[in-house]
Undergrad: 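Let me begin by handing over the structure; questions about it come next.
If you're wondering where the values come from, they're calculated on a predicted model, not measured in any experiment.
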Amino acid sequence: MEMLGMNMIEILFMVLMLFLFSLVILFACKPWRYLPLFRSSSSFKLGDLQRPLVSDSDHDERLNQGQTSEEGSREYDLEGACYKNEELLRSSSSLSEGRVNKQRLPSSSPNLNQGESVVLKIISETSDNALVGRTLKHPSDKVSLEEVETYDLLDNTSQNLQHDQRSWLCLEVISGPSTGLQLAVHSISTSKLPLNLGRVSPSGMILKDPEVSGKHAQITWNSNKFKWELVDIGSLNGTLLNSRSVSHPDIGSRKWGQPVGLASEDIITLGTTTKVYVLISSQNEFKTPVRIGVASDPMAQRLGGRKLSMEDFCYYKWPLPGANKFGLFCVCDGHMGAGAAQSAVKIIPEVLANLLSDSVKKEKVLSQRDASDILRDVLAQTEARLDDHLYEGCTATVLLVWKDSEENLFAQCANLGDSACVINLDGSYIQMTEDHRVSSLTERRRILEAGLFLKEGVTRIHGINLARMLGDKFLKEQDGRFSAEPYISEPLRIDQSSKDVFAVLASDGLWDVVSPRRAVQLVLQMREKEGWTEDSAEKIAKGLLDEASKKRTKDNTSIIYLDFDPSL
C-alpha cells in the first residue's frame, strides 16, 4: 500500500507539471490573438502617451544623426489628438512594402484616468498620405485602403487638370487701326483653338489693318509642352515677336514659319503698325461685367455721293488702366474737322485715370456711389487741354461704369452736345444725357436765364447748331452763349438681380433717324433673335448701324453697345 501511495503522488505530480507546462506554452503562443476581436487591436495605458511612439533605440539613433532632443520631442493635443512631427511616428519595423501604419487616438482619450487602457485601431495608409500636422483620427473615421487609393487617383487627376487648365491667353491690340481690341481664350477651349489672327473672318481676332493678311498668324496651345505657341501662316508683310521675325525666311511665299513659344508681356507685331500685347495668366484678365460691341460708318454715300470725312471717335475700356473696377466708354463727334474729337478721346482717359489714382477721390466715388465731381473735372481738364483747337470742336458723351465693394454696378454719364446715351434697366429705358442743340428747350432756357439774347426760331449760332461743346475756343471767346459746362446724370445702380440691362452710346448720326425708344426696341428684338453668343454685342451694334443706314442718316454714325452682366 505504501508503494501504491508513492506511485499515485508521482503520477499527480507529473500531471500537474504537464498542466503547468501547457499553460506556459499557451501564454507564450497567445493563440487568441488570431481571433477577429483581437486581430487588429493593440492597447496601452494613458501614461504611455507621454512617451514617444518609437523605441528608445530608434530615438537614440535619430539623436546620433544630428537631431536634438527638442527636434525629437512631440506635443500632443488630446482634444484633437494632433501631433507636430509625424515623421517620428515611423519606425523601421512598421514599414512594409512601402506602407506605414499610423496609430490614431480616439477623441474620448482626454476623459480617461491614469492607468486605464485605450484601444487603438491600426489603419494602413500609403506613406505618401502621411502629412506633417495631420490630425490623429477616431477609429470611426478610418479609411479603407481602396478609398485611399481612389482619393489619390482623384487628387492626381485633379492636379493634372489644373495644370492643363491653368492658362489663359489674353491679347490686347495696343497699336494700329484696331487699338483697344481685346480677346481672351482658355487653353482647353477647343472650339476657339487654334486662334487665327487676320483681317477677315473666320479669324478669331479680326484686325482691321490693310497691312494684315486675311490669315496672318496663328496661336495654338501645345499640350505636350504646356505653353502657347505663335506661328506665321504665310503672311505677306511678316510677323515679329519682340521685334524679331518669326516668319518664313522667304517672306511673301505663303510658307509657314516655325512655331515659337509665347511668354507674358510679349509684343506681337503684324505687318508694321498693328501690335498685340500678350498676357498669359491663370485667369481671364479681360473678364468684364459688360460685353462690348462697336460699329461706325462715315455714311459717305449720303448727300448725293459727296465724300464725307469721318469725324467720330470712340473710346471703350474695362478696366481703365490704373483704375481697377472702373470702365470708361466715350463717343466724341467732331465738327469743322476731326482734330478736336481725336484729341479728346486721348485726353479723357488720361485725365480720368489720373484723377482716380488719387485714393481719396476714388474712395469718395465708391463710398458716396456718385462720380459727379470726377466727371465734371474730367471734362473741365479736357477742355483746358484743347487750347490748340481754336476753330474745331466736338461733342463728348462719357459713360463711367464702376463696381462697389459689394460687387454692384453703377453707371453715370456726362455729356456736351448731341451725342447721347440711353440705358435699359428692368424693362424701362433711361435717358442718361441731355440734348445741347441750340434749338432744344433746355439750351434756350439756359441762355435766356443767363441774360443773353437768342431770337425765337434760331437753330444755329455762328453756323454751329450746338451751344455746348469741347473746343471751339475762338467762338467761346467771342460769344458767351457757348459753354463747356457738362450735363451730369444721376448715378444709376445696377443690382446683380437686374435683368435685360444694356446701354447704347452713339453720335447724332443714329439719333437723327432713330429715337431712343426705338433703339431700345430694336435691341430687345435682336437680343431675342440672336440669343447670347460671344459676338452678339458686335452684331447688335452693327444692326443699329444698319438701321441708321436704312433710315438714310446724313451724318457720321458711331455706336457703342454695352450688354451688362451684373453677375460678373
Undergrad: Does I559 form a side-chain contact (heavy atoms from CB on, under 4.5 Å) with V504? I'd like the steps, not just the answer.
TA: CA-CA 7 Å; I559 299 167; V504 178; 4.2 Å; yes

Undergrad: Closest approach of H462 and D479, non-hydrogen atoms and distance?
TA: NE2-OD2, 3.1 Å

Undergrad: Check this for me, if you would: do K476 and E383 make a salt bridge, where the nitrogen-to-carboxylate-oxygen distance has to be below 4.0 angstrom?
TA: yes

Undergrad: Applying the salt bridge (charged side-chain N to carboxylate O under 4.0 Å, His left out) test to D404, which of K362, K325, R369, R493 qualifies?
TA: R369

Undergrad: Please answer whether the main-chain N or O of G198 pairs with a side-chain N or O of H216 as donor and acceptor at a distance below 3.5 Å.
TA: no

Undergrad: Just to verify, what does D358 make a salt bridge (Lys or Arg N to Asp or Glu O under 4.0 Å) with, not counting sequence neighbours?
TA: none

Undergrad: Could you tell me whether a side-chain N or O of S489 sits under 3.5 Å from a main-chain N or O of C413, the two making a donor and an acceptor?
TA: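 Present.
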
Undergrad: Is the closest side-chain heavy-atom distance between H389 and C394 below 4.5 Å?
TA: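 A side-chain contact is absent here, since even the closest heavy-atom pair is not under 4.5 Å.
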
Undergrad: Using side-chain contact (heavy atoms from CB on, under 4.5 Å), reason through M205 and V173 one step at a time and then give a plain yes or no.
TA: CA-CA 10 Å; M205 192 174 204; V173 181; 3.6 Å; yes

Undergrad: Quick one: do E485 and R376 make a salt bridge, cutoff under 4.0 Å?
TA: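 Salt bridge flag = yes for R376 with E485.
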
Undergrad: Before giving the answer on side chain to side chain donor-acceptor pair (under 3.5 Å), spell out for T274 and D209 the whole-Å C-alpha distance, their side-chain angles and the decisive distance to 0.1 Å.
TA: CA-CA 7 Å; T274 293; D209 183 347; 2.5 Å; yes

Undergrad: Hey, does the side chain of S187 reach the backbone of W221 with a donor-acceptor pair shorter than 3.5 angstrom?
TA: no

Undergrad: Donor-acceptor pair, T442 side chain versus D435 backbone, under 3.5 Å?
TA: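 A pair under 3.5 Å: yes.
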
Undergrad: I need the single residue from T395, T397, D312 that forms a side chain to side chain donor-acceptor pair (under 3.5 Å) with S507. Which is it?
TA: D312

Undergrad: Could you tell me whether a side-chain N or O of S178 sits under 3.5 Å from a main-chain N or O of K208, the two making a donor and an acceptor?
TA: yes

Undergrad: Taking the side chain as every heavy atom from C-beta outward, state whether L169 and V278 have any atom pair closer than 4.5 Å.
TA: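 Yes, their side chains come closer than 4.5 Å.
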
Undergrad: Under 4.5 Å between any side-chain heavy atoms of V513 and R552, yes or no?
TA: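 Of all side-chain heavy-atom pairs linking R552 with V513, none is under 4.5 Å.
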
Undergrad: NE2/H436 to OG/S419 distance, rounded to the nearest 0.5 angstrom?
TA: 11.5 Å

Undergrad: Closer than 3.5 angstrom, by distance alone: can the side chain of T382 be matched with the main-chain N or O of V378 as a donor-acceptor pair?
TA: yes

Undergrad: When you measure from the side chain of R468 to the backbone N and O of L416, does any donor-acceptor pair fall under 3.5 Å?
TA: no

Undergrad: Will you find, in the side chains of Q412 and D370, an N or O donor that is under 3.5 Å from an N or O acceptor?
TA: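 A pair is found: one side chain offers a donor N or O, the other an acceptor, under 3.5 Å apart.
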
Undergrad: Whether E443 and R481 form a salt bridge (side-chain N of Lys/Arg under 4.0 Å from carboxylate O of Asp/Glu) is what I want to check.
TA: no

Undergrad: Could you verify whether a donor N or O on one side chain and an acceptor N or O on the other, from H335 and D472, lie under 3.5 Å apart?
TA: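 The criterion, which ignores hydrogens and geometry beyond distance, is satisfied for D472 and H335.
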
Undergrad: Please list, chain by chain and in numerical order, all residues satisfying side chain to side chain contact (heavy atoms under 4.5 Å, CB included) with A420, sequence neighbours excluded.
TA: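 Partners of A420 by the side chain to side chain contact (heavy atoms under 4.5 Å, CB included) criterion, ordered by chain and then number, come out as Q431, T433, W511.
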
Undergrad: Using side chain to side chain donor-acceptor pair (under 3.5 Å) as the criterion, list what pairs up with W228, not counting sequence neighbours.
TA: S167

Undergrad: With the threshold set at 4.0 Å, does a side-chain nitrogen-carboxylate oxygen contact exist between K554 and D512?
TA: no

Undergrad: Does some side-chain heavy atom of I267 sit less than 4.5 Å from a side-chain heavy atom of I174?
TA: yes

Undergrad: Can you name the closest pair of heavy atoms from M310 and S558 and give their distance?
TA: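 Heavy-atom minimum between the residues: CE-OG, 3.3 Å.
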
Undergrad: Restricting to non-hydrogen atoms, name the atom on V365 and the atom on A371 that form the minimum distance, rounded to 0.1 Å.
TA: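 Closest heavy-atom pair between V365 and A371: CG1-CB, 3.9 Å.
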
Undergrad: Under the rule for side chain to side chain contact (heavy atoms under 4.5 Å, CB included), what residues qualify as partners of V294, not counting sequence neighbours?
TA: I292, Y316, I560

Undergrad: Please name all residues satisfying side chain to side chain contact (heavy atoms under 4.5 Å, CB included) with D546, sequence neighbours left out, ordered by chain then number.
TA: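 By the side chain to side chain contact (heavy atoms under 4.5 Å, CB included) rule, D546 matches K542.
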
Undergrad: List the steps, then state whether side-chain contact (heavy atoms from CB on, under 4.5 Å) holds for L409 with K403.
TA: CA-CA 5 Å; L409 282 172; K403 273 189 174 184; 3.4 Å; yes

Undergrad: Can you tell me if D563 uses its side chain to pair, donor with acceptor, with the backbone of V290 under 3.5 Å?
TA: no

Undergrad: Please indicate whether M336 has more than 12 foreign heavy atoms, meaning atoms of other residues, nucleotides or ligands, lying under 6.0 Å from its CE.
TA: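 No, the 6.0 Å shell around CE holds no more than 12 heavy atoms from other groups.
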
Undergrad: Donor-acceptor pair, S247 side chain versus T239 backbone, under 3.5 Å?
TA: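 At least one qualifying donor-acceptor pair exists.
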
Undergrad: Not counting sequence neighbours, which residues clear ring pair (Phe, Tyr, Trp, His ring centres under 6.0 Å) with F410? List them please.
TA: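 Partners of F410 by the ring pair (Phe, Tyr, Trp, His ring centres under 6.0 Å) criterion, ordered by chain and then number, come out as W402.
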
Undergrad: Check whether more than 12 heavy atoms from other residues, nucleotides or ligands sit under 6.0 Å from atom CD of E490, and answer yes or no.
TA: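 No, not enclosed.
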
Undergrad: Examine distances only and state if a side-chain atom of N237 and a backbone atom of E211 form a donor-acceptor pair shorter than 3.5 Å.
TA: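 It does hold such a pair.
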
